[in-house]
Amino acid sequence: MIEKNYQPADIEAPMSLVWEDSRAFKAGRPDRRDAQPFTIVIPPPNVTGSLHMGHALNNTLQDILCRFERMRGRDVLWQPGTDHAGIATQMVVERQLMERQQPGRREMGREKFLQRVWRWKAESGDTIINQLKRLGASCDWSRERFTMDEGLSRAVVKVFVELHRQGLIYKDKRLVNWDPKLLTAVSDLEVQQVEVKGSLWYLRYPIEGRTFSPDDPTSFIVVATTRPETMLGDTGVAVHPEDERYRDLVGKKVILPLVGRKISIVADEYSDPEKGSGAVKVTPAHDFNDFEVGKRHGLGQISVLDQEGKLSLVANEDYLRGLPEGALMFAEEFDGTDRFAARKQIVARLEDFGFLDRIEPHTHVVPHGDRSGVVIEPFLTDQWYVDAKTLAQPAIAAVRSGRTTFVPRNWEKTYFDWMENIQPWCISRQLWWGHQIPAWYGPDGKAFVAETEEEAVGNALAYYVEQEVITPEQGREMALDRNKRAGFITRDEDVLDTWFSSALWPFSTLGWPDDTPEVQRYYPTDVLVTGFDIIFFWVARMMMMGLHFMKEVPFSTVYIHALVRDEKGAKMSKSKGNVIDPLQLIDEYGADALRFTLAAMAAQGRDIKLAASRVEGYRNFATKLWNACRFAEMNACAKPADFDPASTKDTLNRWIAHETANASRLVTEALEAYRFNDAANAMYRFVWNVYCDWYLELAKPMLLGEDGPAKTETRATIAWARDEILKLLHPFMPFITEALWKTTAEREGLLALAPWPLQPKELTTEQLVMISAAVPNDPLMPPILPVFNATVFADAEAEAEIGWVVDLVTAIRSVRAEMNIAPATLTALALVGASDETKARAPRWTDVIKRMARLSDISFADRAPDGAVQLLVRGEVAALPLKGVIDLAAERTRLEKEIAKAEADIKRVDGKLANEKFVANAPEEVVEEEREKREAAVERKTKLLEALERLKKLA
RNA sequence: GGGCACGUAGCUCAGCGGGAGAGCACUACCUUGACAUGGUAGGGGUCACAGGUUCGAUCCCUGUCGUGCCCA
């Protein structure tokens, strides 16, 4: 029994249990051992995160694909798991400690802090998984992985060590993006360029050998800078080689104000004569461009800031080297000042001594940390890098050659642009939560990289024995005793960028580096579903790692979906307070409604502006489906085991079989092309506007009538079409369809594992026609399964007949509404000058038409009765005798308007046909179509004119 | 500065070389035997603007204006 009211909350939890108990989503089910696999790896959400709208969209689309392919018979693996999300998670735990006024991480120490993070992971790690389950995600939950699992960590170490051995991972001292708040390096991608209204400071640098005077422009050179505080670290001044103004100064030296250091003026094309004064100060340790300029001219690198962005001068050997006596006065004054306070202080000091020329307002872009939000500081440190440029080459080639394609295609350009200009990937992070880098250092800083500590230490000790730094005896002792080597050999403190482990996800989750059956069977995966915001972070890196270690692309298709925005198109963010919580929508309208909404709005290449009203609308759709199934149940509709819709006799039943085949084809083709919105909309229309509005309504008289073969057949067909609908709708609305599948009949299995209505694409239409036309009992033919062959089933005759009924009913309803005829008033209908076809059809539909168009009687007539409203239905006149009811003048106006419309059509077509070029150039069928249109319009006009004449006679 | 999208009904969006579509909202009527989370009917658009290509442009091309995003 189906409950009277559809309540999503009542069915969703039980259906989740049914799926879980039956292990329906398990990959490698024995019954699918020979099936073709279909694999998707989930973009792993942050283990301590919770479900937001982006997850809801992302996972809905993946689930639709997985359920679709599962029903098409494939062995589906949807690999779930979570990401340790280094910085994000560490920040959350540190914030917790702060809020609870507990000791900070540095006070706790590394080991205790990590225990704390693991505890937090254990507490909150299930949250997002359970939320994904509420959404209906049909992952193989038995295979859940975590990026810091033992197995995945083994993959990370193996990859690091191998890339290092191949020279593709190396340690280098260069400028990195340093986050002075989080105290770690970050990669280029974690830096956000923000436009900031600042100033351009013009500073006077005195030229060596001339007496500096603010009033004598020949005694100094003016440099323009956005960062006056870093001038303490200047090691040069650059001018453009072709800049006449400064030609004579190239090669000369300037005395750095406040510091006293003598630095050279160099000619370099980096300096833009149009910008500022045309001369720039060069600070190689604090600016990426200056770093390059400095390298070209052999300038020194003097870092004047510490890790926290404070000036560090008095204990700074690089800074002090070669400074004259007395210059230390300022060093002591500025030392320890934060960079922004230092800026003001230094500018003030420069002004005091006449070194400040002027200040101009200036808008420029400043790098900010995407997590911390503070200004990123280019900082000179040792970090580990991946040679991304080398790894990128095969990854570029794979997309160029089409082994991996992006959907929509235009994202490939974005991918190429980035990959072709890729920079070394800084992978070390000065954090604790993550995979610790498998590198050990000796006393001279030499690095030993190996998969295990034993191996690294062994290598190191052997090396230092050979170098005679230690004796063989000492080496042996250190090898055996960790305490003895402490202080001599130390492990790298840093951890790897989170995305390093994510890059391995498509194969590490399958058991690599072991050669597991899963790696063999499910790699490469079929499709990756993700948002464009992580194409660089994740997709590109999976391509690189997958190709390098597996020698095959990690996925053949990358489906890039849109961003979910709020109703007004703004990005959802906590600070704006416009976040729509998917769980709240699920509570209110059900997971099915939310899923359907997201699918229906997931048009390729467009962002989704989500309004709750849409979700409500699709909840109503679910209700409609629910009630349609109740209707079928109340009318005892059941499908016999041997039912074949292709052999139904009744026109109405053949029509719905025809329409169902059509819908199956539309949905299947749309899903194959990743056109989720087309698929969802096709189902919406089919269920509501075809099955409910017409099929069930047209069937009602039959169901209310006497029992008989036709009624039996109709009941069976209603049940059959309902089942087809439940199947086709299941990928979009899994809960309600599975629940209705269960309650509407005795079933052998779950809907989630039921066969999809359409034969797989591998069979061509021709093959299917051959199969369906095959002689029964032919021993050479494989047995024909009683599966409805939606690819080839079509019944044009049924379509035409039902089309006529629909048009007739619609026309009558329309004119009744226009004439304000009360629904309770029944009118008669006369079919005027009916063709033989109509004469044959009409009696079959008397009950239906009477009921639906609210008629008292249907008759045939040679001419329209006096005072009748005359309608044109498929070229024939249908008359409603409404003498006394209708307003003759209004009816006359109505007919005249119709005639004018017909005339306009004729005129438009005539215009085209009169154009010789059109007839000559347009395709034959287009011209033919126009001729047919003209003919139809002429006929319509003739009939309407006749009707008007008759009306006139009356007046 | 470079790149990628997008301007279609009041709103959110499909369509994309041969007569403008959907959902929501709106209006009128309907407690009709599945469903008021419903039914029936209806109003509403020089498809941003200007050129060009074409027999024919909402659709292709160019430009302008406007909006959004990415990169430097």
Side-chain angles (χ1 to χ4, degrees), chain A residues 2 4-8 188-189 192-193 288-289 365 367 408 410-414 416-418 421 532-533 535-536 562-563 565 567-571 589-590 593 597 600-635 637 675 677-678 680-682 684-685 688-689 692-693 696-697 700 703-704 718 809-824 851-854 901 904-905 908-909 911-923 925-927 929-930 933 937:
Chain A
I2 303 175
K4 180 155 183 349
N5 291 312
Y6 164 57
Q7 303 288 1
D188 297 344
L189 289 174
Q192 230 89 60
Q193 303 293 340
F288 286 98
N289 288 309
V365 288
N410 52 310
W411 289 108
E412 287 178 7
K413 189 173 163 44
T414 309
F416 290 136
D417 284 351
W418 189 71
N421 296 297
F532 60 80
D533 49 334
I535 291 178
F536 306 146
L563 225 58
R565 298 168 177 281
E567 215 165 341
K568 297 186 196 87
K571 217 168 169 171
Y589 302 112
T597 308
M601 297 184 84
Q604 285 181 12
R606 225 201 248 247
D607 284 346
I608 296 180
K609 290 181 202 154
L610 190 70
S613 62
R614 285 296 286 264
V615 187
E616 186 183 355
Y618 290 120
R619 189 274 319 266
N620 296 351
F621 174 60
T623 306
K624 188 75 181 175
L625 174 71
W626 185 269
N627 284 308
C629 290
R630 275 183 67 221
F631 175 80
E633 183 182 67
M634 290 162 94
N635 285 283
C637 297
R675 302 184 63 95
N677 57 323
D678 286 346
N681 287 325
Y684 185 94
R685 272 192 287 273
W688 204 316
N689 304 125
C692 291
D693 287 350
L696 294 184
E697 291 303 325
K700 275 177 183 174
L703 295 170
L704 292 169
I718 287 174
V809 169
T810 305
I812 297 170
R813 279 172 172 174
S814 180
V815 81
R816 282 178 59 109
E818 215 173 310
M819 302 274 155
N820 283 320
I821 295 164
R851 174 195 165 90
M852 295 185 79
R854 311 207 56 80
K901 233 158 87 188
D905 281 356
R908 194 186 50 76
V909 177
K912 273 193 165 181
L913 291 172
N915 184 343
E916 280 173 35
K917 286 178 178 170
F918 171 72
V919 181
N921 294 328
E925 68 245 36
V926 172
V927 178
E929 218 172 280
E930 292 295 322
K933 274 183 208 162

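Side chains are part of it too, since the values below use all heavy atoms of this structure and drop only hydrogens, waters and symmetry mates. Naming: A, B, ... by sequence-line order, numbering from 1 per chain.
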Participant: Please confirm whether the ring centroid of A:Y618 lies under 6.0 Å from the ring centroid of A:Y684.
Facilitator: yes
Participant: Which part of the nucleic acid, if any, lies within reach of A:I2 when heavy atoms closer than 4.0 Å are counted: base, sugar-phosphate only, or nothing?
Facilitator: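 Nothing, no heavy atom under 4.0 Å.
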Participant: Which residue lies toward the 5' end of RNA chain B, A:N677 or A:K700, if each is placed at its nearest nucleotide?
Facilitator: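 Checking each residue's closest nucleotide, the 5'-ward one belongs to A:N677.
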Participant: Does a side-chain N or O of A:N820 approach OP1 or OP2 of B:rA28 to a distance below 4.0 Å, or not?
Facilitator: no
Participant: For Watson-Crick and G-U wobble pairs within 3.5 Å on both distances, what is RNA chain B written in dot-bracket notation, | included for inter-strand pairing?
Facilitator: (((((((..((((....[..)))).(((((.......))))).....(((((..]....)))))))))))).
Participant: When rounded to the nearest Å, what value does the distance between C1' atoms of B:rC6 and B:rA14 take?
Facilitator: 14 Å
Participant: Figure out the CG/C1' separation between A:L696 and B:rU40, and round it to whole Å.
Facilitator: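 After rounding, the reported distance stands at 17 Å.
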Participant: Classify A:Y618 by what it touches in the nucleic acid, base, sugar-phosphate, or nothing, heavy-atom distance under 4.0 Å.
Facilitator: nothing
Participant: Starting the side chain at C-beta, find the nucleotide from B:rC70, B:rG23, B:rG42 nearest to A:R614.
Facilitator: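 The listed nucleotide nearest to A:R614's side chain is B:rG23.
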Participant: Taking 4.0 Å as the cut-off, does a side-chain nitrogen or oxygen of A:W688 come that near to OP1 or OP2 on B:rA34?
Facilitator: no
Participant: Return the minimal non-hydrogen interatomic distance between A:Y6 and A:R619, and the atom names on each side.
Facilitator: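 In this case the closest contact between A:Y6 and A:R619 is CE2-O, 4.2 Å.
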Participant: Has A:K624 got a side-chain N or O lying under 4.0 Å from the OP1 or OP2 atom of B:rG39?
Facilitator: yes
Participant: Once hydrogens and angles are ignored, does a donor-acceptor distance under 3.5 Å link the base of B:rG56 to the side chain of A:N921?
Facilitator: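 There is none.
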Participant: Check whether any side-chain nitrogen or oxygen of A:S814 sits under 4.0 Å from OP1 or OP2 of B:rG42, and answer yes or no.
Facilitator: yes
